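Computed from a predicted model, the values in this text were never measured in an experiment.
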Amino acid sequence: MALLKKDQKYKWQFENIGGCSRVKISSGQDIAHLDELDTKMWTVLSCPIKGLEIDEKSLKYMDFDADGKIRVNDVVGVSKWITGVLKNPDLLLEGKNTVSLEAINVETEEGLKLSKAAKQILANLGKEETNISLTDTADITAIFAKTRFNGDGVITPASSEDADEISAITSAVAKTGGTLDRSGVQGVTAPQIEQFYTDLKAYSDWCAAEVPAPFGDQTDAVIAAYQALDAKMKDFFMRNKLASFSPDSTLALDVQTSRIEAISAENLSAKSEEIAAYPIARITGKATLDLTAPVNPAWAAQFKVLQGVAIAADKKTLSEEDWAAIGAQFAAYTTWKASKAGATVEDLTIDVVNALLKQDKKQALLDLVAQDAAYKEESDNIEMVDKFLHIFRDFYRLLRNFITFHDFYNKDKTVGSIFQSGTLIIDQRACRLCMKVENMGAHNATAATSGMFLVYCDCTTKTSPAKLQIVAAVTVGEIGSLIVGKNAVYYDNAGVEWDAVITKVVDNPISVLQAFWSPYRRMATAVENLINKSAAEKDNKMMADATAKINAAPTTLPATPAEGADAAAKPAAAPPFDIAKFAGIFAAIGMAVGMIGTALVTLAKGLWELSWWQLVLVFLGILLLISGPAMVLAWLKLRRRNIAPILNANGWAVNAASKISIPFGETLTDMAKYPKMKLKDPYAKKGMPAWAKVLITLLILAAAGAVWYFKWYTYVL
């Protein structure tokens, strides 16, 4: 609300831009006092930071509240900041990307930080200059490449000169994944260092508590086989216990022959899951597994791993207790394996891990991180220099398109507004008022109220996979063939060529002259449509009649006299012409022709009575009667053309009228202009000679003069 209550102490200057009074921003002091400018006098209240012809990075820097839009408060905040760090705010009007260090106001806290940071950048880049430019800050990585500390809390091998510390940092980066440093090199942060040394200690302790493998190098294979068989073995022992308890249930507990018969006709190698579901061995009711008897073939491989290693080679039977005893042999080993810690550093080998722990560079690395973090403010100020240079270059241009539309109404065609994205070449025209379309739905709702003739195009280029949508205003010439589907070429402000195709047309008057001919075009179109419709109807009727006659034709030949042709029917005779029947029709036609002829004679007689100048007036009156209303409506619409609805559809909040007058509109579209010349068409149709045309023209003029003289002479007598 503070922006709505201005003291108005500063004396502003005003100018007429686009038929509207607007404040004039022509000095650094004007920019410095923007907080005193009444918000109601601003041409724009907000605009998006995307899709404009200003470096998007600059717009992000100016978007103080980072909401994706530049608002009045943002502009005021930028103006106070940028004018506060400059000795002479008038430099902003130059829009340069280079600034002298002497121009920075070191009397302010922000200016002093900015000056120191700018000098630090030049020193880091190895430059001894008194000017700094956007080129110097374009590559932040290059600025920090030669510095040990850059304030981001990340250390790299270059942050230390101690060999053991460098080795520890390198290992920590490899095992934690690291964090990208401002210098562009992977480094580590304090939490990553803590985690790295925690993992080293945990892995070392785990290795120190190692439990010997009970089966040597075959231990892991034995454990895997045992764990795979454990559930099946427990199931086997339980089935035998039930069979011993209830001998009659032995067959039910054993593998069912019917189940094997059900799959016997199929490829049994593909039925491993079904076979694995059978008991691991035949159910007999005995408490032990006969190791000499066959086992379920789906589990034979696992048994083979156990026999001779976990199960003695000479052992004939295996009880439930024997099975449990095998598992007990590696219980401690599996518990130790499951407690593994610090696995991220395992591939360093235990010798390297213990060596790193012995060196104990953890605290030294954390101290390096602390030293780096101490440079945070200075490093952040280095990024502030980049912000300063972007705003220094682009802020005044934003003002010329935000507080006023000075660039849009500039007479210099080489100067374009920040919303003019390029030029559309179509129908021998160059349309310079082109904008990117971000929201087609919003354009569908409001664009027609702009009063302009608009063409929407989809644009594609081989240099980019993305499709671009634009809208172009046609402000000069005829409508011609500006229809949906017409191809054109679009050149953006970077000079990239795009293939464009019209997808939508918003029909509004282009000029008064175009409106003059519009009724005749509409009448011609209506007549053409009527003729086409009539021709189509007649063609359809003819085809229908022909089809009907073909379908009604006899399917068999008439009988011959030899075959008894007397039975064939003779065609009926056509009725005689009855003139009386058509007398009324002839009379009506004659009456109509007579009335038309009388009307034409009366019209000719009336025109005959007029003087030549009266005939001219009659002709002009007819033209005015037909074209006058269209021309008046076009003139009224052309005077109301406004760019605000299109900008509003793109997310702008336009606060002041932004009309496009007829003279200004003529500057937004360039027509092709050929020099005066006389060229011969080699394919032109040959007509009568020129002397014959001149002779006929003279004879017609002589005849007309004689008639008018005779009429005047008769009138005088």
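Taking the side chain as every heavy atom from C-beta outward, Asp372 and Leu368 never approach each other to under 4.5 Å. Between Asp136 and Leu122 the shortest side-chain heavy-atom distance falls below 4.5 Å.
The backbone N or O of Ile418 sits less than 3.5 Å from a side-chain atom of Asn401, completing a donor-acceptor pair. In this structure a side-chain-to-backbone donor-acceptor pair under 3.5 Å is missing from Ser115 to Ile104. Within the 3.5 Å criterion, the main-chain N or O of Gly153 finds no donor-acceptor partner in the side chain of Lys376. Arg641 places no side-chain N or O within donor-acceptor distance of the main-chain N or O of Ser450, the cut-off being under 3.5 Å. Listed for the Asn648 side chain is a donor-acceptor partner under 3.5 Å among the backbone atoms of Ala644. Using modelled atom types, no side-chain atom of Arg400 and backbone atom of Ile25 make a donor-acceptor pair closer than 3.5 Å. Between the Ser171 side chain and the Ala168 main chain, no donor and acceptor come within less than 3.5 Å of each other. Remark: side-chain polar atoms of Ser160 are not paired, donor with acceptor, to backbone N or O of Pro157 under 3.5 angstrom. A donor-acceptor pair under 3.5 Å is absent between the side-chain atoms of Lys9 and the main chain of Glu36, judged by distance alone. The closest donor-acceptor contact from the side chain of Asp63 to the backbone of Leu59 lies at 3.5 Å or more, if one exists at all.
Applying the side-chain hydrogen bond (donor to acceptor under 3.5 Å, both in side chains) test to every pair with at least one member in residues 410-421, sequence neighbours left out, gives these pairs: Asp412-Thr414, Lys413-Asp670, Ser417-Gln420, Ser421-Tyr490. Residue pairs that meet the ring-ring contact (aromatic ring centres under 6.0 Å, His included) test with at least one member in residues 48-105, sequence neighbours left out, are Tyr61-His390. The ring-ring contact (aromatic ring centres under 6.0 Å, His included) analysis of residues 112-134, with sequence neighbours excluded, yields no pairs. Among residues at least two apart or in separate chains, ring-ring contact (aromatic ring centres under 6.0 Å, His included) pairs with a member in residues 414-466 are Phe405-Phe419, Phe408-Phe419, Phe419-Trp652, His443-Tyr456.
To the nearest 0.5 Å, the span separating CG on Asp199 from CG on Leu348 amounts to 10.5 Å. Going from atom CG of Asn655 over to atom CD1 of Ile403 covers 12.0 Å, rounded to the nearest 0.5 Å. Rounded to the nearest 0.5 angstrom, Thr475 OG1 and Glu666 CD are separated by 8.0 Å. With rounding to the nearest 0.5 angstrom, the CZ atom of Arg22 is 6.0 Å from the CD1 atom of Ile17. Separation of atoms OH (Tyr396) and CG (Leu91) is listed at 13.0 Å; rounding is to 0.5 Å. Here the CG atom belonging to Leu93 is positioned 9.5 Å from the CG atom belonging to Asn88, to the nearest 0.5 angstrom.
Remark: Lys504 NZ is packed, more than 12 non-hydrogen atoms of other residues, nucleotides or ligands lying under 6.0 Å away. Other residues, nucleotides and ligands contribute over 12 non-hydrogen atoms within 6.0 Å of the NZ atom of Lys127. In this structure, Glu438 places its CD atom where more than 12 heavy-atom neighbours from other residues, nucleotides or ligands lie under 6.0 Å away. The number of heavy-atom neighbours closer than 6.0 Å to NZ of Lys87, taken from other residues, nucleotides and ligands shown, is above 12. Residue Lys119 places its NZ atom among 12 or fewer non-hydrogen atoms of other residues, nucleotides or ligands, all under 6.0 Å distant.
With sequence neighbours excluded, the residues that form a salt bridge (Lys or Arg N to Asp or Glu O under 4.0 Å) with Lys436 are Glu53. In this structure, the salt bridge (Lys or Arg N to Asp or Glu O under 4.0 Å) partners of Arg71, at least two apart in sequence or on a different chain, are Asp67.
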Met62 and Asp74: side chain to side chain contact (heavy atoms under 4.5 Å, CB included), yes or no, with the steps?
CA-CA 6 Å; Met62 297 180 204; Asp74 294 325; 5.8 Å; no
Take Ile70 and Val75, measure what side chain to side chain contact (heavy atoms under 4.5 Å, CB included) needs, and give me the verdict at the end.
CA-CA 7 Å; Ile70 303 294; Val75 176; 3.7 Å; yes
Test log, rule side chain to side chain donor-acceptor pair (under 3.5 Å), inputs Ser133 and Asn97:
CA-CA 6 Å; Ser133 69; Asn97 61 5; 5.8 Å; no
Go through the steps for Ile82 and Leu86 under the test side chain to side chain contact (heavy atoms under 4.5 Å, CB included), then give the verdict.
CA-CA 7 Å; Ile82 193 69; Leu86 283 172; 4.3 Å; yes
Using side chain to side chain contact (heavy atoms under 4.5 Å, CB included), reason through Leu134 and Arg393 one step at a time and then give a plain yes or no.
CA-CA 9 Å; Leu134 279 170; Arg393 181 192 64 184; 3.3 Å; yes
I'd like to know whether Lys24 forms a salt bridge (charged side-chain N to carboxylate O under 4.0 Å, His left out) with Asp30, so could you lay out the CA-CA distance, the side-chain angles of the two residues, the decisive distance to 0.1 Å, and finally the verdict.
CA-CA 8 Å; Lys24 186 176 183 180; Asp30 292 337; over 6 Å; no
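The two residues Thr108 and Gly111 make their nearest non-hydrogen contact at OG1-N, 3.0 Å. In terms of heavy-atom proximity, Val188 sits nearest to Gly178 at CG1-CA, 4.4 Å. The nearest pair of heavy atoms linking Val385 to Thr137 is CG1-CG2, 3.9 Å. Residue Ile49 comes nearest to Lys60 through the heavy atom pair CD1-CG, 3.9 Å, listed as atom of the first residue, atom of the second, then distance. Counting all heavy atoms, side chain and backbone alike, Leu34 lies closest to Trp42 at O-CZ2, 3.9 Å. The nearest pair of heavy atoms linking Asp427 to Arg429 is OD2-NH2, 2.8 Å.
A salt bridge links Glu109 with Lys113; the closest basic N to acidic carboxylate O contact falls under 4.0 Å. Salt bridge status for Glu194 with Lys362: present, with a side-chain N to carboxylate O gap under 4.0 Å. A salt bridge between Lys462 and Asp499 is absent, with no side-chain N of the basic residue lying under 4.0 Å from a carboxylate O of the acidic one. A salt bridge links Glu56 to Lys50: at least one charged side-chain nitrogen sits closer than 4.0 Å to a carboxylate oxygen. With salt bridges taken as basic N to acidic carboxylate O contacts below 4.0 Å, none links Asp55 and Lys57.
Residues Asp367 and Gln371 bring no donor and acceptor atom of their side chains to less than 3.5 Å of each other. Looking only at atom types and distance, the side chain of Tyr197 has no donor-acceptor partner in the side chain of Gln192 under 3.5 Å away. Judged by distance alone, the side chains of Ser167 and Asp164 never bring a donor and an acceptor atom under 3.5 Å apart. Judged purely by distance below 3.5 Å, without hydrogens or angles, the side chains of Thr179 and Gln186 never pair a donor atom with an acceptor atom.
With Met435 as the fixed residue, the side chain to side chain contact (heavy atoms under 4.5 Å, CB included) test singles out one of Leu454, Leu52, Ile646: Ile646.
Taking the six-membered ring for Trp and thresholds of 30 and 60 degrees, Phe664 and Tyr409 have ring planes inclined between 30 and 60 degrees apart.
Between Trp12 and Tyr10, the ring centre distance stays below 6.0 Å.
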